Amino acid sequence: MNARMFGPRLKSGVAALAAAAMLSACVSPVAGPGGLYARPIGNAPVTANPTPYSTALYCLADYARRYNLPSPRMAVARIADYTGTVSADGGRQITQGASLMAMSALAKSGAQIVERYDTSVGEMELRYANNRLIADQGGTAEEPNYRRILAGQVPGSDFYIAGGITEVNYNIRSAGFDAAVGETDTDVPGSGIVQGKVYVMNVALDLRLIQTTTYEVVDVISYQKQIIGREISAGVFDFLNGNVIDVSAGTGGMEPVQLAVRALIERATLEMMANLYGAPGPEVCLDAANDPLNTVGATGGYYAAYDNTGTNNGQTRAEPSRWHDRRDGDVRRSRY
């Protein structure tokens, strides 16, 4: 074999081995001193997950507190996915956590919430207490302070939210273009292609507000939201001195479907709670006071454990660097 022909192959082999070595350096078949085969990539901090309606929700909570408007006790039933859509990998296309999103939305609105979605722990402890198997602090081994069961100790709900995700429609409207260019002369090889696509889908929600004591449906809301996706790509294919060159690049994006469901639920919850508070509309947010003691924010609402609302962690929950061991200097200092 000619050495001149062998050279390029050798260079290609060396390049392939170098690439393989670089990849293998990230993964080891033997666990390192820290007990890991590989260190996970990515360092994005935990952030709040708001929708365009989150600000209005905790503005509504501030409005209710400013005018001493009592919140009815709210509960959330099962908000199911009734679309039946399944993704290509076999999982559900639409989130199964709509009930949890509704609870977070209620918390952002300042509502008083009672748990009805998962009562397994409370029911188990009630059975244990009834059999005198649970004791609270303050007793002794000889005389345990058995937990007492009192009539009426569990507050009831005034209203609860039920409903479901009822529509998901793919490809409501789509458009695209595809352009290619090439040489007709075989002695001047080379071609290029540009592609672009835009498509629209939607998801819909139907919720109802039910009075617990009478089962009367007092409010019904149906919303839909459209979701857009786009994709653009370009490529060049050419022959240079016997070498094949194929270069392509592209970009694409789609609105998160599950975030669209959260936006639907937050908008519906906002309208229901505004009705219960008697708020006329978004104008109640115009003169909202800048209250540093607010216990509602982009991450939800909370009850202060102690009388320390002005100094606790409530106002820092949405800061992305807080408690992050690589972004918060206080946490880093505590490690040494």
Side-chain angles (χ1 to χ4, degrees), residues 1-50 81 85-101 103-104 117-118 120-121 124 193 195 197 227 229-262 298-300 302 312-313 316-336:
M1 182 180 291
N2 193 316
R4 189 177 300 174
M5 297 174 58
F6 184 74
R9 296 185 180 182
L10 180 60
K11 292 180 181 179
S12 300
V14 171
L17 290 175
M22 291 177 62
L23 291 174
S24 63
C26 303
V27 181
S28 171
V30 179
L36 301 176
Y37 293 111
R39 186 180 184 86
I41 64 173
N43 58 1
V46 174
T47 64
N49 192 26
D81 168 25
T85 56
V86 179
S87 64
D89 58 3
R92 291 286 186 178
Q93 189 75 30
I94 301 297
T95 176
Q96 307 298 292
S99 296
L100 310 183
M101 294 180 180
M103 294 178 198
S104 296
Y117 187 73
D118 185 357
S120 57
V121 174
M124 179 176 291
I193 186 170
Q195 293 178 326
K197 297 178 182 178
I227 304 164
R230 66 178 184 273
E231 181 180 349
I232 300 174
S233 61
V236 175
F237 182 80
D238 200 356
F239 293 92
L240 296 177
N241 297 327
N243 297 314
V244 179
I245 305 297
D246 188 355
V247 180
S248 61
T251 180
M254 180 175 177
E255 285 187 76
V257 176
Q258 320 307 349
L259 189 60
V261 174
R262 184 183 296 274
T299 61
Y302 67 94
N312 65 5
N313 67 323
T316 61
R317 290 188 173 193
E319 295 181 8
S321 296
R322 296 290 285 174
W323 303 103
H324 194 292
D325 66 346
R326 300 180 198 172
R327 299 168 67 98
D328 193 328
D330 294 332
V331 176
R332 289 199 300 270
R333 283 193 294 271
S334 70
R335 297 173 59 188
Y336 301 101

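Treat the numbers as computed from the prediction; the structure is a model and nothing was measured. Heads up: numbering here begins at 1 and tracks the sequence.
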| request: Determine the sole option in Val261, Asn49, Leu259 for which the side chain to side chain contact (heavy atoms under 4.5 Å, CB included) test with Met101 is passed. | output: Val261
| field | Inter-residue atom distance Ile94.CD1 - Gln258.CD, 0.5 Å rounding | value | 5.5 Å
| request: Can you measure from CG (Asp81) to CZ (Arg92) and round to the nearest 0.5 angstrom? | output: 6.0 Å
| Arg322 CZ: over 12 foreign heavy atoms closer than 6.0 Å | yes
| Interatomic distance, Asn43 atom CG to Arg327 atom CZ [nearest 0.5 angstrom] | 7.5 Å
| query | So, for Ala260 and Ile227, which heavy atoms are closest and what is the spacing to 0.1 Å? | reply | CB-CD1, 3.7 Å
| Between Leu100 and Tyr117, which heavy-atom pair has the shortest distance, and what is it? | CD2-CE2, 4.1 Å
| remark: Closest heavy-atom pair, Pro45 versus Pro320, reported as atoms and distance to 0.1 Å, is CB-O, 3.1 Å
